[in-house]
4 protein chains.
Amino acid sequence: MDGKEKILAAARKVISKHGSNRATVRAIAEEAGLSTGAIYHYYKNKDDILYDLLDDSLSDSTRIAKGIHQQEGTKTKIKLDVLQKTEERFYKEAENRLQYHFAHEILLGNKDLQGKFQEKYKEWNLRIEEILVNLYGLEDTRLNKALTSWLLGAVDGVILQHLLEVNETSVDDMMEVFQLLLDKGLPQFVAVLNEEE
Amino acid sequence: MDGKEKILAAARKVISKHGSNRATVRAIAEEAGLSTGAIYHYYKNKDDILYDLLDDSLSDSTRIAKGIHQQEGTKTKIKLDVLQKTEERFYKEAENRLQYHFAHEILLGNKDLQGKFQEKYKEWNLRIEEILVNLYGLEDTRLNKALTSWLLGAVDGVILQHLLEVNETSVDDMMEVFQLLLDKGLPQFVAVLNEEE
Amino acid sequence: MDGKEKILAAARKVISKHGSNRATVRAIAEEAGLSTGAIYHYYKNKDDILYDLLDDSLSDSTRIAKGIHQQEGTKTKIKLDVLQKTEERFYKEAENRLQYHFAHEILLGNKDLQGKFQEKYKEWNLRIEEILVNLYGLEDTRLNKALTSWLLGAVDGVILQHLLEVNETSVDDMMEVFQLLLDKGLPQFVAVLNEEE
Amino acid sequence: MDGKEKILAAARKVISKHGSNRATVRAIAEEAGLSTGAIYHYYKNKDDILYDLLDDSLSDSTRIAKGIHQQEGTKTKIKLDVLQKTEERFYKEAENRLQYHFAHEILLGNKDLQGKFQEKYKEWNLRIEEILVNLYGLEDTRLNKALTSWLLGAVDGVILQHLLEVNETSVDDMMEVFQLLLDKGLPQFVAVLNEEE
DNA sequence: TATGAATGAGGTTTCATTCAT
DNA sequence: AATGAATGAAACCTCATTCAT
């Protein structure tokens, strides 16, 4: 593991352990077994570390999204895959924390990050749309993007509830409703949308 | 406008303009036309200002939630009300930013705040459940709380997308899908849930 | 009780309760049931309050010292009186704290206070000398002032030990040794001093 | 001289020049030729600097106390040693100021410091007792600790008088009386105590 | 007399970043 | 490559004092 990787791993660990506010350069350096000065041999500044971290995290998500699509299976298999990947997200605390750390950064005015997020959201929406087309025959309606945004938002919102520990419902119950949505809710709702046009 | 109100207004303004990290005591004081010392005449410390802000914001939300329920109208009227309140949330930037600021604080380990959020989420879930019962005849199923959590999460997640400016879909389109959900999606999905038991 | 008295009483209470560091003008004002502004009608500044307080405290001590001397009694009676007044000092926590508060102020460079303390120490040394003359026939030796300073210092030092709670010995034991000093130690030691000349 | 030592030396200097209240981090940093931030490279916070200073000062005192005892000399030599160390204490202004600074801190409620002082006082009392046993044949009486506390208190009290500059008597005169006490006062007074039992 | 809002200097602390070694 | 001492700006907070009312 070379310098940059070591630093990224350390940053990930520090953020998921102590939150992004405690992710000082010094803390990252210590976790990486380096001096603070050494950090600056690999990265121009702290933000660059976080950018790299985000890139990793985002390309991870994209890989998953792509993974779902590339599965050439029956509809049942795809649905199972979606279910599984979604459930896994509940348990990826480090990644989730990281994601919300970056969201926070954007809220503070970081335009670079915002650009990256915009791209990624566009891509995720696209993936979800493809899945909806494959699974439920969603047509090319005016409201496609709104639907995928709601679905994406729902997962994000619910993940946040779990991170914050403000949702008393078990992950199992949450997933059961999600499965019902995939099995019985969405087929009908996609039909509604298709008719609208 | 007395001291505390002036400070709260200034804090709200600073947060919605520059984000919560730039909401320093100095910045708030300047915005309020006060010296930093004067702030401490009214508030013991910075956190107390933000807590007050949160309380305002949360009790606002609760007031809205209660407002919807207490409307003794036809189902159509209740639905209209829900739609309107939801749409309004998209435009309350200061409040929304504040909410995510506090979410961030909780992720950093603030247990007090977590307690407040837990309470509020419980209450909101209850309100949503009541509405679902009234509008769609939702019965007392095992998965009620999971459903309301998903709905609450969806709105939160979508609001975050708009704050982050990562959602290219217009608020109008988002609301149109939401209306379809209320009109045609939820009636059917609630029926699915009722049958499950 | 007029303004100044009320303020002095409040200051005394605050200092003995929370120590001199917490004796802020605001705290004193609150304890006195006044606003901070009102304090400045009675006193030019905070130091003046403390000066007055010191004057009170010092004249108290002096009154005691004088009281001992003015007692026209047998030597036994005077000794009993000295013993009693000394023992009482152990229990006057507020006054003792106050005294050490002012000592601290002097160490910080307050020259006015120093002048007052110098005067008082001179006076106390004089009183002690008178008592030694009366009780033990101390003559006018070159070392009289050194002896009285040691005696005065011993009491001050031991009082401080008790304030700090670093002296495990009971007040009773301390007083028993003090009594032995008065009864058997000093008569002989004064004789030693008288012979030295 | 490394960082910590430089800082401790600076702190000692600032305290003896301007008193403990003016011993701000800024002042210490300036005296040490450092920026304020640099201080925190070596010490977690200001208190830790002062604790280190106290430890130094206390272990110094203890070393002296032990030094006296370990001298295997004639009684005359031990007495000379005690006299010399005591006289030296009069001139260690920085250490003395420091001691009273910490006493003040204890009066403000610092329990940690109190614990350290309690330990040290216990130890010093023990040393003094040993010396009294060696020099004057003090037996194991009930009042031993009271006697040592008085002696310790006397020195502390007299040192304070000199710090406060309220004692007009010269150090020479004070020491002369102290010598008489060691030579003629204590032998007789210890005999009194031994008989008491 | 009395209030209490307001000031402003100065306190401790944090931390990204630089730089001599 | 690497160290870690050092910087300096900026954060929160305290408090004696002033002043319009």
Side-chain angles (χ1 to χ4, degrees), chain A residues 2-4 6-7 21-30 32-50, chain B residues 1-4 6-7 20-30 32-50, chain C residues 2-4 6-7 21-30 32-50, chain D residues 1-4 6-7 20-30 32-50:
Chain A
D2 80 336
K4 283 202 169 197
K6 211 159 55 178
I7 291 170
N21 261 26
R22 295 281 173 247
T24 65
V25 172
R26 203 179 279 204
I28 293 171
E30 261 168 40
L34 290 172
S35 66
T36 57
I39 298 288
Y40 289 85
H41 273 282
Y42 296 99
Y43 282 101
K44 204 173 95 278
N45 54 38
K46 190 188 172 186
D47 274 356
D48 279 11
I49 301 176
L50 300 182
Chain B
M1 191 156 63
D2 81 335
K4 282 202 168 195
K6 206 159 61 179
I7 291 169
S20 55
N21 257 30
R22 298 282 173 245
T24 65
V25 172
R26 247 200 277 275
I28 293 171
E30 262 167 40
L34 291 173
S35 65
T36 58
I39 299 290
Y40 292 88
H41 186 69
Y42 296 98
Y43 283 101
K44 209 170 92 281
N45 53 42
K46 189 189 171 184
D47 274 357
D48 278 11
I49 300 176
L50 300 183
Chain C
D2 80 335
K4 284 202 167 192
K6 211 158 57 178
I7 291 170
N21 262 26
R22 296 280 173 247
T24 64
V25 172
R26 205 180 277 206
I28 294 171
E30 261 168 39
L34 290 172
S35 66
T36 58
I39 298 286
Y40 289 86
H41 273 280
Y42 295 101
Y43 283 101
K44 203 172 96 278
N45 54 38
K46 190 189 175 187
D47 274 355
D48 279 11
I49 300 175
L50 300 183
Chain D
M1 191 157 62
D2 82 334
K4 282 202 169 195
K6 207 160 59 180
I7 291 168
S20 56
N21 257 30
R22 297 284 173 246
T24 64
V25 172
R26 253 198 273 274
I28 293 171
E30 262 168 39
L34 292 172
S35 66
T36 59
I39 299 290
Y40 290 87
H41 186 68
Y42 296 97
Y43 283 101
K44 210 172 89 282
N45 54 40
K46 188 189 171 185
D47 273 357
D48 278 11
I49 300 176
L50 300 183

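All chains are named by letter (A, B, ...) in the order of the sequence lines, taking the proteins before the strands, and each is independently numbered beginning at 1.
Between C:Ile49 atom CD1 and F:dC15 atom P there is a gap of 15 Å when expressed in whole angstrom units. Rounded to whole Å, the distance from NZ on D:Lys44 to P on E:dT12 is 15 Å. At whole-Å resolution of the value, CD1 in C:Ile28 and P in F:dA16 are 8 Å apart. At whole-Å resolution of the value, CG in A:Asn45 and P in E:dT18 are 8 Å apart. Across the protein-nucleic acid pair, A:Lys46 atom NZ and E:dC15 atom P stand 8 Å apart, rounded to whole Å. One interatomic measurement links the two molecules: CG of D:Asp48 to C1' of E:dT13, which rounds to 13 Å at whole-angstrom precision. In this structure, CD1 of B:Ile7 is placed 11 Å from C1' of E:dA6, rounded to the nearest angstrom. The distance from atom CG of D:Leu50 to atom P of E:dT12 is 10 Å, rounded to the nearest whole Å.
Across all strands, B:Tyr43 comes closer than 4.0 Å to no nucleic acid atom at all (heavy-atom distances). Among the protein residues, A:Thr24 comes within range of the sugar-phosphate backbone only, with heavy atoms under 4.0 Å from sugar or phosphate atoms but none that close to a base. Within the 4.0 angstrom heavy-atom criterion, only backbone atoms of the sugar-phosphate kind lie near D:Tyr42; the bases stay farther away. Among the atoms of the strands shown, only primed sugar atoms or phosphate atoms (P, OP1, OP2) are found under 4.0 Å from some heavy atom of B:Leu34.
Distance from the side chain of C:Ala38 is smallest to E:dA2 among E:dA2, E:dA9, E:dT13.
Summary of the strand contacts: C:Val25 and D:Gly37 both lie near DNA chain F, and taking for each the nucleotide with the nearest heavy atom, the more 5' one is attributed to D:Gly37.
For E:dT7, the OP1/OP2 oxygens have a side-chain nitrogen or oxygen of B:Ser35 closer than 4.0 Å. One finds no side-chain N or O of B:Arg26 lying less than 4.0 angstrom from the OP1 or OP2 phosphate oxygen of F:dA10. Contact annotation: A:Tyr40 reaches the phosphate of E:dT17 (side-chain N/O to OP1 or OP2, under 4.0 Å).
Remark: the backbone N or O of C:Leu50 is not paired with any side-chain donor or acceptor of C:Asp47 at under 3.5 angstrom.
For the residue pair B:Tyr40 and B:Val25, the shortest heavy atom distance occurs at OH-CG2, 3.6 Å. In terms of heavy atoms, C:Ala23 sits closest to C:Ile28 at O-CD1, 4.1 Å. Contact detail for D:Lys4 and D:Tyr42: the closest heavy-atom pair is CE-O, 3.3 Å.
The partner of E:dT17 is F:dA6, judged by Watson-Crick or G-U wobble contacts that both fall below 3.5 Å. Taking a pair to require two hydrogen-bonding distances under 3.5 Å in either a Watson-Crick or a G-U wobble arrangement, F:dC13 pairs with E:dG10.
With rounding to the nearest 0.5 Å, the separation of CD in A:Glu30 from OG1 in A:Thr24 is 7.5 Å.
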